Colleague: 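Here you go, one structure.
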Amino acid sequence: MQGAALLNERRCVSIEAFGKHLLYGFDSALWLHIHLGLFGRFRPHPSPASIPMGAVRVRLEGPAKTVDIHGPNTCELLDSDGVDKLCARIGPDVLRADADPDLAFRRIANSRSTIGQLLMDQSVIAGIGNIYRTELLWRCRIHPQTPGRALDRAAFDALWCDAQMLLAEGVRLNAIITVDQMMVKPGRGRYRERVNIFGKERCPHCENAIHKFSLSKRSVYACESCQPQADPGDT
DNA sequence: TTGATTGTTACCGG
DNA sequence: TCCGGTAACAATCA
């Protein structure tokens, strides 16, 4: 936070997103790097906003709106060199036009780790979180414990395309929605009606029980019937 | 009041 | 070099 004063009265001239990392470019060649992590939140207020409430790390003030950023995982100032280093360690972002899916495929195809773990590794593919991991793999009929090297190019391409589509919808509706035919944002509440198997007990496709287990220290769900595990001999 | 959780990184050891 | 495990940190909700 010691650098925050450097941005006083500065104008934000560009905003970039690399996966879940946000970069606000200022006319002073400085970048504000924000990662919201698990708990970070943007809270908008009409301008002029009153005194910040709670643990506000950054306030971005415009003529009409003011946005307070609470509880980000990362909140720091970077110069161009720092931005280059950050970009170098983030894998291709499915939502970016300049993303290179070949790079993601090579990293997956050369890894003994499971696809469930690899999808959570931001240096492999950026932007996919825990809910999208479960939902994408279910939609593509891939078991989370399939080794990366067992995934063929066609399966990867299907996964990449579905991720592009789902994440774009997520941006459009500002909500994680992975069920088909939900073109509008549902009302407030939890995700139960927005997802297929995450946090569910039954598979909507075959009605079999959903298996919950831990992968990369996070809960993952799978339908053992719709997402059969690869024969260990295949790897 | 407590536990779970839409995430990431550093560090250590095998 | 790769990978697994652990710890740290953040805020909110049921």
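When reading the values below, keep in mind they use all heavy atoms of this one structure, side chains included, and skip hydrogens, waters and symmetry mates. Please read these numbers as outputs of a predicted model, since none were measured by experiment.
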Colleague: Rounded off to whole Å, could you give me the NE2-to-C1' distance for the A:His35 and B:dA10 pair?
Modeller: 15 Å
Colleague: Which one, C:dA11, B:dT5, B:dT9, comes nearest to the side chain of A:Arg89?
Modeller: B:dT9
Colleague: Choosing from C:dA11, C:dC3, B:dG7, which nucleotide comes nearest the side chain of A:Arg112?
Modeller: C:dC3
Colleague: Using heavy atoms to find the nearest nucleotide of DNA chain C for A:Lys217 and A:Thr114 separately, return the residue whose nucleotide is more 5′.
Modeller: A:Thr114
Colleague: In whole Å, I'd like the distance from the CD1 atom of A:Ile128 to the P atom of B:dT8.
Modeller: 11 Å
Colleague: Can you tell me how far apart CD1 (A:Ile210) and CZ (A:Arg202) are? Round to the nearest 0.5 Å.
Modeller: 9.0 Å
Colleague: Check whether any side-chain nitrogen or oxygen of A:Ser113 sits under 4.0 Å from OP1 or OP2 of C:dC2, and answer yes or no.
Modeller: no
Colleague: Nearest to the A:Lys20 side chain among C:dA10, B:dG7, C:dC2, which nucleotide is it?
Modeller: B:dG7
Colleague: Rounded to the nearest angstrom, tell me the gap between atom CD in A:Glu76 and atom P in C:dA10.
Modeller: 16 Å
Colleague: Take atom CG of A:Leu118 and atom P of C:dC3, then tell me their distance rounded to the nearest Å.
Modeller: 8 Å
Colleague: Among C:dG4, B:dT5, C:dT12, which nucleotide sits nearest the side chain of A:Arg43?
Modeller: C:dT12
Colleague: My validator wants the stems of DNA chain B: runs of 3 or more consecutive Watson-Crick or G-U pairs, both distances under 3.5 Å, written as range with range.
Modeller: B:2-5 with C:11-14, B:7-14 with C:2-9
Colleague: So A:Pro52 and A:Arg59, do their side chains get closer than 4.5 Å, heavy atoms only?
Modeller: yes
Colleague: Can you work out whether A:His70 or A:Asn110 has the more 5'-proximal nearest nucleotide on DNA chain C?
Modeller: A:Asn110
Colleague: Find the distance A:Leu38:CG to B:dT9:C1' and express it as a whole number of Å.
Modeller: 14 Å
Colleague: Is A:Thr74 touching bases, backbone alone, or none of the nucleic acid, heavy atoms closer than 4.0 Å?
Modeller: nothing
Colleague: Which of the following nucleotides, B:dG7, B:dT5, C:dG4, is nearest to the side chain of A:Lys212?
Modeller: B:dT5
Colleague: Could you tell me the separation between the NE2 atom of A:His21 and the NE2 atom of A:His33, rounded to the nearest 0.5 Å?
Modeller: 5.0 Å
Colleague: Just how far, in rounded Å, is P of B:dA4 from OH of A:Tyr221?
Modeller: 12 Å
Colleague: Without decimals, in angstroms, what is the distance between A:Phe39 CZ and B:dA4 P?
Modeller: 13 Å
Colleague: For A:Asp121 and C:dT1, what is the distance between atoms CG and P respectively, to the nearest whole Å?
Modeller: 17 Å
Colleague: Which value, rounded to the nearest 0.5 Å, describes the distance between A:Asn208 atom CG and A:Ile197 atom CD1?
Modeller: 12.0 Å
Colleague: Students often get this wrong, so: under 4.0 angstrom with heavy atoms, is A:Asn130 touching a base, only sugar-phosphate, or nothing?
Modeller: sugar-phosphate
Colleague: Could A:Arg96 and A:Phe18 be counted as a cation-pi pair, given that NZ or CZ must be under 6.0 Å from the ring centre and within 45° of the axis?
Modeller: yes
Colleague: Determine the minimum heavy-atom distance between A:Asn196 and A:Lys200, stating which atoms define it.
Modeller: O-CG, 3.4 Å
Colleague: Using a cut-off of strictly less than 4.0 Å, decide whether A:Gln122 has a side-chain nitrogen or oxygen near OP1 or OP2 of B:dG7.
Modeller: no
Colleague: Output the distance between atom CG (A:Leu22) and atom CD1 (A:Ile15), rounded to the nearest 0.5 Å.
Modeller: 8.5 Å
Colleague: Within this structure, what is the CG-CZ distance for the pair A:Leu36 and A:Phe42, rounded to the nearest 0.5 Å?
Modeller: 4.5 Å
